[in-house]
Amino acid sequence: MKYYSTRDKSLRISAAEAIQMGLSRDGGLLTPETIPQIDAPFLSRLVSVSYQERAAAVMSLYLTDYTTEELRTFAENAYGPEKFDTPAVAPLRRVDETTQCLELWHGPTSAFKDMALQMLPQLLSAALRKTGEKKTACILVATSGDTGKAAMEGFADVPQTKIMVFYPKNGVSAVQEAQMVTQEGGNVGVCAVVGNFDDAQSGVKRIFSDETLRQTLAERGYFLSSANSINWGRILPQVVYYISAYCDLLRGGEIAMGDKVNFCVPTGNFGDILAAYYAKRMGLPVGRLICASNRNDVLTDFLRTGVYDRNRTFHTTMSPSMDILVSSNLERLLFDLSGENDEEVRGYMAALAKDGRYEVSGKIKAALDAQYWGGFCDEAQTAQTIAAYDKKYGYLIDTHTAVAANVLEQYRAATGDETITVFASTASPYKFCNHVLKALGKTPDADGVALLDALHEVSGVAVPRRLAALRGKERRFDLTAEKQEMDRVVLDFLS
Ligand SMILES: *Cc1c(COP(=O)(O)O)cnc(C)c1O
């Protein structure tokens, strides 16, 4: 199977090339030229096998230049017992008769980013072999907290790669910072940037577009690459867990083959919910895709009106991984819903770059209405939902997951739809101790990683072992830079 760009269909490259490139040179997103179809026999075969087997089976449909044997090995490395604290990898927790929670945070960094970032480095390493690339890939990441740690954990000591992470100095939680500055591995670097996430992100973008720097690095034997969710190698591993969740519902007798389920996903860059969409397009029986946002409700407005408008106030919330005004992966959805019309997509993206807004065609709007539902909740509602889940179900959920749970309630109230719905739980509550404690009505009197104990005392839920191990772990990185100095940091890192 070949891949092409959402902005240029004449391009034809292999999966390995797409993963190595990350983003197409025309600015478009690399996308499979056909969407493979699955059927009931395919799903039946997956019901009784492990998560790792399911991953290899689904991914091999898209990565035709990788062998199934390779993919099986990668899945075993990515999702094995040294990495994930449950053999189910992405288990479902039954909340009530029609509600299931898909826990995606059992990996090494306690956020759902692990599901893809334990896999991507292996796909990239193999891609370098397949394409004969001799230079070392240097992954640059700007992070609001979760991606940076998960990417370092995935890339640590992977041959022919180096990784440098920039995070906003006062913009990540205490636990997130402790996770990053204690990262092990000979090929990793971490730097705090004075400023907010946008400063870190625009600094990284500037480095990517700096031709002189690129030249200097090439002479030193490096090329720059990205682990952002625009990379197809991050979307594909996420398709797996929606199909896996369906198989688990079958196995548990919650549904019969062919029954439809809804998915409700807390959304930022539109990567996770796009993966659910691909699962639906492949033929998985899926009803409605419910897109949940926090106060940054640009996607809610878009799904309701067909107008995407980023000209609005940016809110910093307790679910920071969803604080985003431009959801990059939406471009892949527009491409698909337009009937793969690259010219139409170019038009939308040009309007977004120029005016910060665009309005989709009637055809796309109708397709969105048929398949999606968008909603958002504010900070108070998020906190109330955490408290309500604790009280009603004895289930501790994090701030991002709470947004999904709240929007799911809104959806049901608005539509009366009683279809079994799976909502995604994207982080362990222990990553956001401070806000979770406050939502439970406690005033945290500790700080840093001591908050882990404070939350444990209140909830009685075990602290994930890798987070517990942060206590007493040696701080390896202490670098802070102004945003203008970020290129210097990269040059030093790669000297
Ligand atoms: C990244 C992230 C999200 C948003 O996922 P997207 O794929 O960007 O939509 C939601 N919750 C958590 C905890 C995350 O880390």
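First listed ligand is number 1; within each ligand, the first listed atom is number 1. Worth saying up front: this structure is predicted, and the values here are computed from it rather than measured. Throughout, numbering of the chain's residues begins at 1 and tracks the sequence.
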Inset, instruction - Return the residue, atom name and 0.1 Å-rounded distance of the protein heavy atom closest to atom 6 (P) of ligand 1. - result: N269 N, 3.5 Å
Inset, instruction - Tell me, please: is S229 in heavy-atom contact with ligand 1, that is, under 4.0 Å? - result: no
Inset, instruction - Just jot down the ligand 1 atoms closer than 4.0 angstrom to any heavy atom of P266, in number order. - result: 4 (C), 10 (C)
Legend entry - Residue selection (non-hydrogen contact nearest atom 7 (O) of ligand 1) among D272, V403, L274: D272
Legend entry - Ion pair check, R54 and D248, cut-off under 4.0 Å: yes
Inset, instruction - If the plane angle is over 60° it's perpendicular, under 30° parallel, otherwise tilted; pick one for Y308 and Y358. - result: parallel
Inset, instruction - Would you name the heavy atoms of M59 and V240 that are closest together and state the gap between them? - result: CG-CG2, 4.0 Å
Legend entry - atom 9 (O) of ligand 1: nearest protein contact (heavy atom, Å): G268 N, 2.8 Å
Inset, instruction - Spell out, as yes or no, whether a donor-acceptor pair under 3.5 Å connects the side chain of K431 to the backbone of T109. - result: yes
Legend entry - K473/E184 ion pair, N-O < 4.0 Å: yes
Legend entry - L92 backbone acceptor or donor facing Q100 side chain under 3.5 Å: no
Inset, instruction - Could you tell me whether F270 and ligand 1 have an N or O pair separated by under 3.5 Å? - result: yes
Inset, instruction - Among all protein heavy atoms, pick the one closest to atom 1 (C) of ligand 1 and tell me residue, atom and distance. - result: K113 NZ, 1.4 Å
Legend entry - Cation-pi geometry met for R93 and Y395 (6.0 Å, 45°): yes
Inset, instruction - May I ask you to list the atoms of ligand 1 that are less than 4.0 angstrom from any heavy atom of G271? - result: 6 (P), 7 (O), 9 (O)
Inset, instruction - Give a yes or no on whether a salt bridge exists between E331 and R7, defined as a side-chain N under 4.0 angstrom from a carboxylate O. - result: yes
Inset, instruction - May I ask you to list the atoms of ligand 1 that are less than 4.0 angstrom from any heavy atom of T267? - result: 9 (O)
Inset, instruction - Pick one of side chain, backbone, both or neither for how F112 approaches ligand 1, counting any non-hydrogen atom pair under 4.0 Å. - result: side chain
Legend entry - Ring geometry between Y62 and W232 (parallel below 30°, tilted from 30 to 60°, perpendicular above 60°): tilted
Inset, instruction - Show which atoms of ligand 1 fall inside a sub-4.0 Å distance from at least one heavy-atom site of A427. - result: 13 (C)
Inset, instruction - Give the contacting part of D146 toward ligand 1: side chain, backbone, both or neither, where contact means a heavy-atom distance below 4.0 Å. - result: side chain
Inset, instruction - Provide, to 0.1 Å, the distance between atom 12 (C) of ligand 1 and the closest protein heavy atom, together with that atom's residue and name. - result: T426 OG1, 3.4 Å
